[in-house]
Amino acid sequence: MIRKNNLVKNICCVGAGYVGGPTMAVIADKCPDIKVSVVDINEERIKAWNDENLDNLPIYEPGLVEVVKRSRNRNLFFGTNVDDSIENADMVFISVNTPIKSSGLGAFQASDLRWVEVCARRIGAAAKGHTIVVEKSTLPVRTAEIIKEILEAKTKSSRNDEDKKTFSVLSNPEFLAEGTAVNDLLNPDRVLIGGEDELAIEKLKNIYSKWVTNNKILCTSLWSSELSKLTANAFLAQRISSINSISAICEATGANITEVAKAVGLDSRIGNKFLNAGPGFGGSCFKKDILNLVYLCRYFDLDEVANYWEQIVQINNWQQTRIYEKIVEKLFRNLSGKRIAILGFAFKANTNDTRESPAIQIASNLLEEGSILQIHDPKVSKDQISNSLEVYHDNNKLDKSNLNDNWILKDTIEDAVINTDAVLILTEWDIYREINWVRISKLMRPPSWVFDTRLITNPQKVRDAGLNLWRLGEKENDIDNKFNSSKS
Ligand code: UDX
Ligand code: ADP
């Protein structure tokens, strides 16, 4: 039974990004009695969340517009007044960014916790009375301890009973995947709550139980909850690196990756999900979480475990490198001045997110070879592509002097392929499944190539249009000759 004093009335969510925005929109939609304020220091982002035209929301997620429409300015509010919102809240979610550090100790491995720390200090300063602080961002194991320490320092420094502040810290990792966020939030496989304070746990549980059955709400210790999130992402990423490594064997031997994935996935112990070979995993979580795990293992002198997980990221990088090398090989080992159309820059379909997208590394490598890129993506903006390429060039110490002269974002697929020697499909957007290859082939410069890294083309139709085709994890035309000559 839900007791009345166990109900939360005011939620503040710090961070209006890919996690905070959709998660709070769904909570507000499902809990009309709770006032949900989502705050961010990024004014532009908040302006976009408040835009009258719902097509301008800062995050593209199928189904999100409808959810926001129902609750915005009813019990869902977006603003920049972080302190006021924290002060009025009885529960504060931390949903700020936690990218990988790019310098200093643990550079390119450990998470950069500066935003979490700033956020915790701000909660410590602005909160009043008792506040439940919920860690929502994916964080390294034991971050909750850091948050607790920062908040407890504030509790201790409260001067009298009147301004006494107390805090309970919970971990409630988000398992939503971009592109299916709304559905994942509405129908989660499980909701995980880690913590020690039973009353705080019950209050958070009461929120989710508005639409999630109790048997799907799992309560654990703080550390188990934090580690479960890292482990779930590491396992998922591991499946992708596993199938991608097999895609290379398929190409070498003449097996077909789709057939192999199907045969393997029909084993109910393995299951058929997450077995699509592709250009490698992207997104803000997988690489970061595995590297966090690796960092944690090294910290505890578990080098063998660290090496094991690190290999998953290495295979992921290798997959991207070998795709670029394949393009160089097929285009007569010379890309200088050649035009290549890149179809898809988002790290997967149905999102406008480009964080860690395989397109960034592959495009940068192709640019290094001297090619000119004509990029198309239905949802990604020019600024995002520009920022992603610049950061990659900086991190890898690549020459940026002509960077922006050598790529262009095109509005249509037709515009993107004009005068190109090759089309490279990197994101599995539905519109790329329906391409009329006869029309496309007329716009390209022969001999023209199509490189399909997502296996979404109809091979017969592409070849009938007079185009050369390379598909990831599939036999190439000359494979039998190669195999026979290497054997003899
Ligand atoms: C992931 C987790 O799925 C989610 O639970 C967690 O909360 C955040 O990280 P996300 O990164 O949004 O979600 O997307 P996901 O669908 O997991 O895809 C990640 C990457 O793996 C994408 O680049 C995708 O293209 C790739 N992928 C996925 C494959 O290459 N093959 C597959 O079979 C599945
Ligand atoms: P995620 O995918 O984890 O949601 P995003 O980068 O999309 O990550 O969103 C994180 C958001 O958190 C950003 O919009 C950023 O401006 C915001 N943010 C970071 N630090 C703070 C802070 N101290 N106060 C308020 N918002 C913050």
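In this chain, numbering begins with 1 at the start of the sequence shown. Order of listing sets the numbers, starting from 1, for every ligand and every atom in it.
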Nearest to [atom], what protein heavy atom do you find, and at what distance?
atom                    : value
atom 21 (O) of ligand 1 : I240 CD1, 3.2 Å
atom 11 (O) of ligand 1 : F347 CE1, 3.5 Å
atom 1 (C) of ligand 1  : F286 CE2, 3.4 Å
atom 5 (O) of ligand 1  : F175 O, 2.7 Å
atom 25 (O) of ligand 1 : R454 NH1, 2.9 Å
atom 17 (O) of ligand 1 : F274 CZ, 3.1 Å
atom 15 (P) of ligand 1 : K348 NZ, 3.5 Å
atom 32 (C) of ligand 1 : N276 O, 3.6 Å

Could you list each N/O atom of ligand 2 together with any protein N/O atom closer than 3.5 Å, one pair per line with the distance?
from, atom 1, to, atom 2, distance (Å)
ligand 2, 2 (O), R355, NH1, 3.2
ligand 2, 2 (O), R355, NH2, 2.9
ligand 2, 4 (O), Y18, N, 3.0
ligand 2, 4 (O), V19, N, 2.8
ligand 2, 7 (O), Y18, N, 3.1
ligand 2, 7 (O), R45, NH1, 3.3
ligand 2, 7 (O), R45, NH2, 3.4
ligand 2, 8 (O), R355, NH1, 3.4
ligand 2, 9 (O), R45, NH1, 3.3
ligand 2, 12 (O), N97, OD1, 3.4
ligand 2, 14 (O), D40, OD1, 3.3
ligand 2, 14 (O), D40, OD2, 2.7
ligand 2, 14 (O), R45, NH1, 2.7
ligand 2, 16 (O), D40, OD1, 2.6
ligand 2, 26 (N), I41, N, 3.4

Is there a donor-acceptor pair under 3.5 Å between the side chain of N75 and the backbone N or O of C31?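 The answer is yes, because a donor-acceptor pair under 3.5 Å joins these two groups.
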Would you check if the side chain of N256 reaches a backbone N or O of E259 as a donor-acceptor pair within less than 3.5 Å?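 Yes, because the side chain of N256 sits within donor-acceptor range (under 3.5 Å) of the backbone of E259.
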Give a yes/no verdict on whether any heavy atom in G278 is under 4.0 Å from an atom of ligand 1.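 It does not; every heavy atom stays at 4.0 Å or beyond.
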Less than 4.0 Å is my threshold; does some heavy atom of K229 fall inside it relative to ligand 1?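 Checking ligand 1 against K229, which is what was asked, there is a heavy-atom contact under 4.0 Å.
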Would you verify whether the NZ or CZ of K154 falls within 45 degrees of the ring axis of F167 while also being under 6.0 Å from that six-membered ring's centre?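 The answer is no; the distance or angle limit is not met.
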Assess the side chains of [X] and [Y]: does a donor N or O sit below 3.5 Å from an acceptor N or O?
X    : Y    : value
Y60  : N350 : no
T351 : D353 : no
R454 : T427 : no

Counting both backbone and side chain atoms, is some N or O of [X] under 3.5 Å from an N or O of ligand 1?
X    : result
E174 : yes
L176 : yes
G283 : no

Take atom CG in L266; do more than 12 heavy atoms of anything else shown fall under 6.0 Å from it?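 Above 12, so yes.
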So for atom CZ, which belongs to F108, do other residues, nucleotides or ligands contribute more than 12 heavy atoms lying within a distance under 6.0 Å?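 More than 12 heavy atoms, drawn from other residues, nucleotides or ligands, come within 6.0 Å of this atom.
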From [atom1] ([X]) to [atom2] ([Y]), nearest 0.5 Å:
X    : Y    : atom1 : atom2 : answer
I34  : I11  : CD1   : CD1   : 4.5 Å
I362 : R322 : CD1   : CZ    : 10.5 Å
R239 : I312 : CZ    : CD1   : 12.5 Å
S247 : L472 : OG    : CG    : 4.0 Å

Structural part of C285 in contact with ligand 1, heavy atom criterion under 4.0 angstrom: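 C285 to ligand 1: side-chain contact only, backbone stays beyond 4.0 Å.
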Per-residue contact class, L275 against ligand 1 - non-hydrogen pairs under 4.0 Å: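 Under 4.0 Å from ligand 1, L275 contributes backbone atoms alone.
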Aromatic plane relationship, F281 with F286 - under 30° parallel, 30 to 60° tilted, over 60° perpendicular: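 Answer is perpendicular, since the angle exceeds 60°.
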Is the W211 ring parallel, tilted or perpendicular to the Y208 ring (thresholds 30°, 60°)?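 Rings of W211 and Y208: tilted, as their planes differ by 30° to 60°.
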Within a distance under 4.0 Å of any heavy atom of A177, pick out the atoms of ligand 1 and give their elements.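 Checking each atom against A177, I get 3 (O), 12 (O), 13 (O), 14 (O), 16 (O).
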Can you list the ligand 1 atoms lying under 4.0 Å from a non-hydrogen atom of F281?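 Those atoms are 20 (C), 21 (O), 23 (O).
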Option with minimal heavy-atom separation from atom 3 (O) of ligand 1, where the choices are V19, L236, T453, I243: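 Looking at heavy atoms only, the winner is L236.
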Using ring centroids (six-membered ring only for Trp), state whether Y432 and H376 fall under 6.0 Å.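 Between H376 and Y432, the centre distance is under 6.0 Å.
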